[in-house]
Amino acid sequence: MTSSVRVRYAPSPTGFPHVGNIRTAFFNWLFARHCGGKFIVRVEDTDVARTVQGALEGILEGLRWLGIDWDEGPEVGGDFGPYVQSKRLAIYHGMANDLVQNGNAYYCHCPSERLEAIRAAQTAAKQPPGYDRHCRDLGLGPEPGAVIRYKMPLSGRTAFNDLIRGEVSFDNAVLDDFVLLKSDGYPTYHLANVIDDHLMQISHVMRAEEWLSSTPKHLLLYNSFGYTPPTFAHLPIILGPDRAKLSKRHGAVSILEYRDKGYLPEAMANFLALLGWAYDDKTEIFSIKELIENFTIERVSQTAAIFNADKLDWMNGGYIRRLTSDDFLARALPFMKKGLPEEVARPLDNDYVKKVLPLVHERAKTLADVASMESTWFFFNDNIEYDAALLIDKKMDRRQTLDMLETACARLEVLEAFDAATLEALLRPLADEIGVKAGQLFGAIRTAVTGLTATPPLFQTMEVLGKTTCLDRIGKAIGKLR
């Protein structure tokens, strides 16, 4: 493969970019970078009625977050912006009219009411929906409300070789005369994408499996224009763990939601790469550099990819653990500032935060975890509330727990050093001395100082909280038991 490779990502701003859509962009980008070719972003905004405000900005922001850059486009502030189809309407109008002139397309004047009646009748007869070609041979000209339809061959087959699926063939007779230019003057996806792929010299069209059935229409258009078609590769569909179509309950949400929930872009990129591609049957962790070096279309699967949210959490946690302490601090701090309860005083003390974060570094699955109550909340708020029953081990009673905490508190009060090693050296032998198990003593102290039964390591937690805070909280726990 040479640098003549040119691929494109062509999103429609009718919604924010979900994982399947971004997976398509990422595979195209990896292929281009692997081959030393070009990756182009083209916004297909010709469906005006369904355009969502802010969707384009969300799409570009999602690409940038993942580190997906593009190589050419209109100059915008000294940088490349994406190509935008709504700014290229004159091109599509001219080409559609050429198709009419050479007999490959025709004007259709059928009103929407007639088309709806046709669809209703076909549905009632359990026939596949499609235009009945009423205007095909009437020789009509342009008028307000008219559309231009492609004149589909009524016989024969259209075949092509898909790089992922092999030989694919369609019967032309089952394809209807589809619309090329809509009544509002905007081209349909079929027309604009074929023209732009040709003009932008796209060598490979790598897109979602759902577009497979549209490929014969596009190939016939290429032929009618006299264009050489690109090579096609249709990516496998992504399913949920239950093998149902991917939906929001499985994780088919905007890629920016994953960013906002504290997933790392490098982890998300690694996860997306494995949705339909594999290097072998065992390697799962790849840097971006390794993905670029190893990505080939031959390794893309025909079978559906399974979106496993648990695997994403596992992978993201692994990437978090690989961060240096300073990098973890830099990335986690914005989530702490945003996620900690309002009653926590702002601004946060960065020096204090630096002491807290190492305690949760090994346990966090996402950056948002660092601000959860189970993770760090009790470090920043003295008003911890819990049921006194949580202090009492199931094999102890209230009186025993009270005596145990009072003894521990008295010993802690006289400690000069209050570091993790000193605390462990005091409290572990103390459990034997007063005749309780270490877990019983440590569990009561943990709940007393954090309000929780599961926390980061106890002695390191107490060291960060400090002597004054720990004694105060243990004192309040004693008060709950009296």
Side-chain angles (χ1 to χ4, degrees), residues 6-14 24 40-51 56 73 82-110 112 115 129-131 133-136 140-154 158 160 170 172 174-208 210-232 234:
R6 289 173 62 85
V7 295
R8 48 73 166 176
Y9 168 56
S12 173
T14 54
T24 296
I40 294 165
V41 174
R42 185 178 73 224
V43 178
E44 300 194 335
D45 61 340
T46 60
D47 193 345
V48 179
R50 295 177 59 227
T51 296
L56 173 56
Y83 291 104
V84 178
Q85 285 187 336
S86 61
K87 297 181 180 179
R88 300 165 59 83
L89 297 183
I91 297 173
Y92 313 129
H93 282 207
M95 300 301 290
N97 286 325
D98 286 347
L99 289 175
V100 173
Q101 294 302 315
N102 63 29
N104 286 305
Y106 59 94
Y107 283 100
C108 173
H109 295 182
C110 291
S112 58
L115 298 177
Y131 179 58
R133 300 186 169 98
H134 174 75
C135 295
R136 179 177 173 118
L140 302 174
E143 69 172 41
V147 302
I148 294 179
R149 291 182 180 273
Y150 184 71
K151 189 177 288 187
M152 182 65 63
L154 301 180
T158 298
F160 64 99
F170 290 85
N172 292 336
V174 303
L175 304 173
D176 73 340
D177 290 3
F178 58 95
V179 174
L180 298 171
L181 200 65
K182 296 178 287 187
S183 59
D184 61 5
Y186 281 85
T188 61
Y189 167 80
H190 306 297
L191 177 67
N193 125 58
V194 165
I195 292 173
D196 282 344
D197 282 350
H198 171 73
L199 294 179
M200 297 175 186
Q201 300 177 300
I202 300 303
S203 63
H204 294 74
V205 170
M206 196 184 311
R207 60 189 179 187
E210 65 188 83
W211 294 111
L212 186 66
S213 61
S214 295
T215 306
K217 299 177 182 179
H218 301 164
L219 288 169
L220 289 166
L221 270 175
Y222 278 106
N223 184 61
S224 296
F225 283 129
Y227 298 161
T228 300
T231 301
F232 290 92
H234 288 87

For a 4.5 angstrom cut-off between non-hydrogen side-chain atoms, does Val43 reach Pro13?
yes

Please report the closest heavy-atom contact between Arg149 and Asp177, naming both atoms and the distance.
NH1-O, 2.8 Å

What are the two closest non-hydrogen atoms of Leu89 and Pro187, and how far apart are they?
CD2-CD, 3.7 Å

Is a side-chain donor or acceptor of Lys182 paired with a backbone partner of Thr46 at a separation under 3.5 angstrom?
yes

Can you name the nearest heavy-atom pair linking Leu219 to Pro229, along with the distance?
CD2-CB, 3.7 Å

Student check: side-chain heavy atoms of Asn193 and Arg207 closer than 4.5 Å
yes

Mind checking the CG-OG1 spacing from Asn172 to Thr158? Nearest 0.5 Å is all I need.
3.5 Å

With rounding to the nearest 0.5 angstrom, report the CD to NE2 distance, Glu143 to His109.
4.0 Å

Tell me, do Leu99 and Leu221 make a side-chain contact under 4.5 Å, heavy atoms counted?
yes

For a side-chain contact (heavy atoms from CB on, under 4.5 Å) check, start with the C-alpha distance between Ile40 and Ile202, then their side-chain angles and the critical distance, and finish with the verdict.
CA-CA 9 Å; Ile40 294 165; Ile202 300 303; 4.0 Å; yes

Atom of Ile148, atom of Ala105 and distance for their closest heavy-atom approach
CG2-CB, 3.8 Å

Rounded to the nearest 0.5 Å, what's the gap from CZ on Arg8 to CE on Met206? Could you check?
10.5 Å

Quick one: are Ser203 and Thr231 in side-chain contact, heavy atoms under 4.5 Å?
no

Going by heavy atoms in the side chains, are Met95 and Leu199 under 4.5 Å from each other?
no

Results of ring pair (Phe, Tyr, Trp, His ring centres under 6.0 Å) for Phe225 - residues two or more places apart only:
Tyr227

Separation of Tyr9 OH from Glu44 CD (nearest 0.5 Å)
10.5 Å

Could you tell me if the side chain of Tyr106 sits less than 4.5 Å from the side chain of Leu140, heavy atoms only?
no

Determine whether Leu154 and Arg136 satisfy the following criterion, side-chain contact (heavy atoms from CB on, under 4.5 Å), listing intermediate values before the conclusion.
CA-CA 12 Å; Leu154 301 180; Arg136 179 177 173 118; 3.9 Å; yes

Of the non-hydrogen atoms in Leu212 and Phe160, which two are nearest, and what is the gap between them?
CD1-CZ, 3.8 Å

Between atom SG of Cys135 and atom OH of Tyr107, what is the distance when rounded to the nearest 0.5 Å?
13.0 Å

Minimum side-chain heavy-atom gap Arg133-Lys151 below 4.5 Å:
no

Salt bridge check, Asp197 against Arg42: does any charged N sit closer than 4.0 Å to a carboxylate O?
yes

Please tell me whether Tyr189 and His218 form a close aromatic pair, meaning their ring centres lie under 6.0 Å apart.
yes

Relative to each other, are the rings of Tyr222 and Phe232 parallel, tilted or perpendicular (30° and 60° limits)?
perpendicular

Rounded to the nearest 0.5 Å, how far apart are CG of Leu181 and NE2 of His190?
13.0 Å

Criterion side-chain contact (heavy atoms from CB on, under 4.5 Å) on Leu220 and Tyr150, from CA distance to verdict:
CA-CA 9 Å; Leu220 289 166; Tyr150 184 71; 3.6 Å; yes

Please name the pair of heavy atoms, one in Val205 and one in Pro230, separated by the smallest distance, quoted to 0.1 Å.
CG2-CG, 3.5 Å

Restricting to side chain to side chain donor-acceptor pair (under 3.5 Å), what partner residues turn up for Ser86, sequence neighbours left out?
Asp45

What verdict does the side-chain contact (heavy atoms from CB on, under 4.5 Å) test give for Phe178 and Ser214, after you've listed the backbone C-alpha separation in whole Å, the side-chain angles of each residue and the deciding distance to 0.1 Å?
CA-CA 10 Å; Phe178 58 95; Ser214 295; over 6 Å; no

Just so I know, are the side chains of Gln85 and Tyr92 near enough to count as touching, which here means a heavy-atom distance under 4.5 Å?
yes

